[in-house]
Engineer: 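Dropping a structure here in structure tokens format, bear with me for questions.
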There are 2 protein chains.
Amino acid sequence: MQGYDPRAYPPAAVTVDLVVLTIREDRLAVLLVRRAEPPFQGRIALPGGFVRPDEGLGPAAARELAEETGLAADSVHLEQLASYGDPGRDPRMRVVTVAYLALAPGLPRPHAGTDAAEASWAPAEDILAGRHTRLAFDHHQILTDGVERARAKLEYTPLAAAFCPRPFTIAQLRRVYETVWGTTLDPRNFHRKATRTPGFLSPTGSATIGDRGRPAQLYRQGPAALLYPPMLRGAAD
Amino acid sequence: MQGYDPRAYPPAAVTVDLVVLTIREDRLAVLLVRRAEPPFQGRIALPGGFVRPDEGLGPAAARELAEETGLAADSVHLEQLASYGDPGRDPRMRVVTVAYLALAPGLPRPHAGTDAAEASWAPAEDILAGRHTRLAFDHHQILTDGVERARAKLEYTPLAAAFCPRPFTIAQLRRVYETVWGTTLDPRNFHRKATRTPGFLSPTGSATIGDRGRPAQLYRQGPAALLYPPMLRGAAD
DNA sequence: GGAATAGTGTCTGTGAGACAGTATAGG
DNA sequence: CCTATACTGTCTCACAGACACTATTCC
């Protein structure tokens with residue numbers, strides 16, 4: 001960045017792409033759109049769009065998220081994931097994309113935005129396995145990185161609560177871990193650990209009603225930014 | 001990214017900036033350059049430069065690293081850190097920078113590249129505390145994020161070995177943890193834990209000679225990509 | 001031998017995993 | 001009553017932290 005005029009360099013377009021994850025029908029689901037125009041016309045892709053001239057990266061991601069899902073950023077966890085800029089990743093010109101990871105509670109129906117022909121939820125495992133369709137651009141890699149980030153952050157942050165309604169029960173929180181990690185956890189040990197990890201949960205005092213079985217206490221996410229001790233997955237999961 | 005021609009959008013310049021960390025004189029040190037030209041002429045900044053038209057982001061970071069330090073990328077750990085693109089972060093025009101984190105064993109003298117007036121090591125703590133100088137652009141934030149990334153990754157990856165010469169002793173590895181975390185660790189417990197964590201270390205069979213005290217066994221980084229169990233810092237460090 | 005550093009053993013507390021047992025709801 | 005779910009207690013093993021002790025070098 002020293003000694004050069006940036007205007008002397010060939011420009012690049014900058015986009016944001018979103019890995020929006022939620023849990024639907026006990027499966028990890030990712031929001032996908034069908035591209036209406038070339039390149040990759042008709043192909044499935046992650047939602048995203050161009051960063052506007054006077055817009056920061058985070059605000060651009062929040063705007064795209066609102067356009068695609070109708071959700072305000074304050075009810076969704078949104079964090080930067082990584083950037084991707086291999087030459088040729090977009091056949092039109094040099095495009096560098098900054099990917100963001102969004103985690104949301106179970107959402108009803110995707111709200112198609114202006115620049116997406118369709119928007120829909122798909123099971124993340126199916127897409128990652130490439131069973132149905134291959135994603136446009138390098139979006140398969142971006143999705144892979146996003147899912148791995150989510151899995152890793154459940155270990156040492158209270159991020160699982162981002163997948164839960166507010167407030168939530170311990171059992172709902174446990175099902176998030178089981179769904180995202182693809183494992184089963186002992187409900188009794190999980191309950192003990194979640195409630196005894198400082199700052200993980202804030203009790204609301206109220207409980208569920210009308211369900212089967214004994215009513216469950218309701219919690220909100222606690223003040224801790226990091227879990228100590230962490231919720232470790234097994235060794236080589 | 002749907003339905004728009006990227007050429008219709010105002011372009012941005014894309015740069016890479018480097019947070020190069022090493023350990024010098026038992027302190028965490030960061031590589032800094034003095035800017036030769038505006039903006040922020042004469043100010044201290046992270047090394048970095050423009051991504052070339054047909055160059056990927058990672059290769060651009062590796063090239064800048066070689067230019068600044070003379071080190072090939074295969075002897076240095078290099079990973080993408082985050083991207084920064086607030087409007088106005090560069091007064092000339094819209095510049096989005098992709099920051100990379102590089103960790104290197106103790107390096108002798110910085111090798112000033114073509115686009116840096118000077119390059120030198122500075123104690124990271126001094127710069128983070130803002131005692132001596134304020135960095136150009138948003139580089140203080142980038143450095144903060146880079147140091148925190150390094151601290152966090154020592155916990156659950158074998159990354160501390162990237163700060164060590166090859167091969168290294170357990171004591172050298174321990175001093176990396178102590179220096180980066182700013183703590184002291186029990187040498188005996190650390191030795192037991194490091195040698196018993198599967199895949200963390202590969203014995204070389206040889207030992208140090210000529211030092212004071214009993215010769216130490218020499219190790220190389222083992223095959224594990226993640227440490228299990230991790231080397232946890234205390235609760236609220 | 002003494003100093004210094006490397007490495008091992010042992011004890012104790014804490015937490016994870018397994019799982020018996022209790023509590024409170026609906027049918 | 002039975003079933004289902006929430007929650008608690010107890011046992012055992014593994015590991016972290018504290019620290020005595022042994023091992024091997026240089027002086």
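Below, chains carry the letters A, B, ... as their sequence lines are ordered, and counting in each starts from 1.
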Engineer: Does B/Ala171 reach a base, just sugar-phosphate, or nothing at all? Heavy atoms under 4.0 Å.
Structural biologist: sugar-phosphate
Engineer: Judged by each residue's nearest nucleotide on DNA chain D, which is more toward the 5′ side, A/Ala216 or B/Pro229?
Structural biologist: A/Ala216
Engineer: Looking at C/dG7, I'd like to know if its phosphate oxygens (OP1 or OP2) sit under 4.0 Å from a side-chain N or O belonging to B/His191.
Structural biologist: yes
Engineer: So, applying side-chain contact (heavy atoms from CB on, under 4.5 Å) with B/Leu32, which one of B/Ile127, B/Thr133, B/Leu143 is it?
Structural biologist: B/Ile127
Engineer: Rounded to the nearest Å, what distance is computed from the OH atom of residue B/Tyr177 to the P atom of nucleotide D/dA16?
Structural biologist: 12 Å
Engineer: Please confirm whether the backbone N or O of B/Leu185 pairs with a side-chain atom of B/Glu178, one donor and one acceptor, at under 3.5 Å?
Structural biologist: yes
Engineer: Between A/Glu79 and A/Lys153, does any side-chain N to carboxylate O distance fall below 4.0 Å?
Structural biologist: yes
Engineer: For D/dA16, does either OP1 or OP2 sit under 4.0 Å from a side-chain N or O belonging to B/Lys193?
Structural biologist: yes
Engineer: So, are A/Glu155 and A/Arg233 salt-bridged, with charged N and O less than 4.0 Å apart?
Structural biologist: yes
Engineer: In whole Å, I'd like the distance from the CG atom of B/Leu232 to the P atom of D/dG17.
Structural biologist: 8 Å
Engineer: To the nearest Å, how far apart are A/Arg192 CZ and C/dT14 P?
Structural biologist: 14 Å
Engineer: Between atom CG in B/Asn189 and atom P in C/dC11, what is the gap in whole Å?
Structural biologist: 15 Å
Engineer: Using whole Å, report how far CD of A/Gln217 lies from C1' of D/dC7.
Structural biologist: 10 Å
Engineer: What does the B/S/- profile of nucleotides 20-26 of chain D look like, 5' to 3', with a 4.0 Å heavy-atom cutoff to protein?
Structural biologist: B--BBBS
Engineer: Return the value, rounded to whole Å, for the distance between atom CG of A/Leu185 and atom C1' of C/dG17.
Structural biologist: 11 Å
Engineer: How many Å lie between OH on A/Tyr228 and P on D/dC15, as a whole number?
Structural biologist: 15 Å
Engineer: Could you check, using the six-membered ring where one of them is a Trp, whether A/Tyr219 and A/Phe168 have ring centers closer than 6.0 angstrom?
Structural biologist: no
Engineer: Over how many whole Å does the gap from A/Leu201 atom CG to D/dC7 atom C1' extend?
Structural biologist: 14 Å
Engineer: Apply side chain to side chain contact (heavy atoms under 4.5 Å, CB included) to A/Ala60 and list each qualifying residue two or more places apart in sequence or on a separate chain.
Structural biologist: A/Val16, A/Val51, A/Glu55, A/Arg63
Engineer: Go through A/Asp26 and A/Thr179 one step at a time and tell me if the side chain to side chain donor-acceptor pair (under 3.5 Å) criterion holds.
Structural biologist: CA-CA 6 Å; A/Asp26 284 325; A/Thr179 302; 4.6 Å; no
